[in-house]
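Whatever order the structure lists ligands and atoms in, that order sets their numbers, starting from 1.
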Amino acid sequence: MLFRLVFFSVSYGITLTPRYRYFNLYLMRLHWKILIGLGLGILFGIFMTLISWGPQLVVDYIKPLGTIFINLLKLMAIPIILASLIHGISNLPDLSELKVLGFKTIGIFMATTFFAVLVGVLLVNIIQPGNSLNPETHENLMELYAVDAAPDEEMMARHQERGPLQFVVDIFPENIFSATTDNRRMLQVIFFAILFGAALFLIPKEKSRPLREFFSSFNDVGMKMIEFVMLVAPYGVFALMAAIVIEAPSLELFGALGLYGLTTVLGLIILIGTDTLWVRLFGGRSPGFFLKGIAPAQLVAFSASSSAATLPVTLERTKTKLKVPEHVRSFVLPIGATVNMDGTCLYQGVTAIFIAQVFGIDLSLSAQIGIILTATLASIGTAPVPGAGFITLVIVLSQAGIPEAGLALVLALERPLNMCRTAKNITGDAMTAVVVNNSLKHKESKTIT
Ligand code: ASP
């Protein structure tokens, strides 16, 4: 006991010296801690696959810790959207700013999503990963995953029954209390919060004061709770990664689909690079400052594969690190988490054309333009949860006349690519918040980078 105490005090003392402070866990930046959790989780997962009882142990005792972490994040999403959006909008300097905010935000979302799928289509046409897949692997994959990848009949039927404007109707809740009980109905909660905030802004100040104060402290409490949850993020990420490694398909399959995976990842890296460029050119921030600020959210998105679950972290980072004021971040980020899926859009473009290449389908220019347009719309309609982009990919395939059976080809890589595209999706949301904020030229945003 005494020895441990002395050892701990000495090592803590040493790491307080400037030279070794990087090794001090207490002083280390959050993104490093999460990255260490992520790396150790992967190593631990690999180690456990080597022991006969290892995988079961991870599933029974480690995976639940990851699930708890995700649940804690999801728990915060709806309360924080309500509090921060109502507080942010009711404190706008001028309500006409809401219109400007809306136009700019949606404009950037549309432009970057379109750009993303263009990059994807271009890359997959240049690299041609589908033509390098050998016929034997093709057959094996089709056999292995045919059942798992078959589109859910019930879900497809529901999709077909929906009228063309149903996605717009879905934004308007008929009952706000039931909407707040379902994380998949976040857009409805966002709509209600915007309406509520605008109404609160317009009623006389003396009448609105109690509610403004209520939502202000509600918001502060929510942000504090997110800070608590982030304290366990490195452990949560460790557990998630260990479980992912245990459940991953064999390395051989990864290898066989390597070029397709690399094409997608290369596209996502290019998009993150262009995001930092937009931040530099239109956001008035340096790429390093932006990436350092948003890194913990990217790592959580990577491990959780859900923009919705990551939303509380994205809100916290843009507040504390990127210094985006309340009314901008509370507007841009929840909407972004639900509709701005540029990583997903790129993935859908690349995957649809990859499957066509493997099946030897020659896509004309107009067919590729069709893919670009449907992927843009399908990604907007994708729910911010794990795997949703794979489901809406069916829409892109059927519009382009590519066999849905081809989904079996790419299922093995779905989870890792889901992780990567989710990290990209939330990066785009944060980039938009920074750029929109800079364009509004608020005094609050003039903090030193
Ligand atoms: N998981 C992604 C997200 O939450 C959506 C997708 O499946 O592409 O952003």
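- Below 4.0 Å from some heavy atom of G389 lie the following atoms of ligand 1, by number and element: 6 (C), 7 (O), 8 (O).
- Between D342 and R421, no side-chain nitrogen of the basic residue sits less than 4.0 Å from a carboxylate oxygen of the acidic one, so the salt-bridge criterion is not met.
- Interface of S307 with ligand 1, defined as ligand atoms under 4.0 Å from a residue heavy atom, comprises 3 (C), 4 (O), 9 (O).
- Among residues at least two apart or in separate chains, ring-ring contact (aromatic ring centres under 6.0 Å, His included) pairs with a member in residues 224-249 are F44-F238.
- A donor-acceptor contact closer than 3.5 angstrom is absent between the side chains of Q348 and S379.
- Taking distance alone, with nitrogen or oxygen atoms compared against 3.5 Å, N418 approaches ligand 1 more closely than that limit.
- Donor-acceptor pairing under 3.5 Å is recorded for the side chains of Y347 and E414.
- Heavy-atom contacts of S305 reach the following atoms of ligand 1: 1 (N), 4 (O) (cutoff under 4.0 Å).
- Applying the salt bridge (Lys or Arg N to Asp or Glu O under 4.0 Å) test to D170 and every residue at least two apart in sequence or in another chain returns R162.
- Per-residue contacts place T344 under 4.0 angstrom from the following atoms of ligand 1 (heavy atoms of the residue considered): 5 (C), 6 (C), 8 (O).
- With respect to K319 and E316, no salt bridge is recorded, no charged nitrogen being found less than 4.0 Å from a carboxylate O.
- Each of the following atoms of ligand 1 lies closer than 4.0 Å to a heavy atom of G387: 7 (O).
- Not a single N or O atom of A308, backbone or side chain, sits closer than 3.5 Å to an N or O atom of ligand 1.
- Considering backbone and side-chain N/O atoms, A388 comes within less than 3.5 Å of an N/O atom of ligand 1.
- Close approach to S306 involves these atoms of ligand 1, each under 4.0 Å from a residue heavy atom: 4 (O).
- Across I89 and A198, no two heavy atoms sit closer than the pair CG2-N, 3.6 Å.
- For atom 2 (C) of ligand 1, the nearest protein heavy atom (residue, atom name, distance) is T422 OG1, 3.3 Å.
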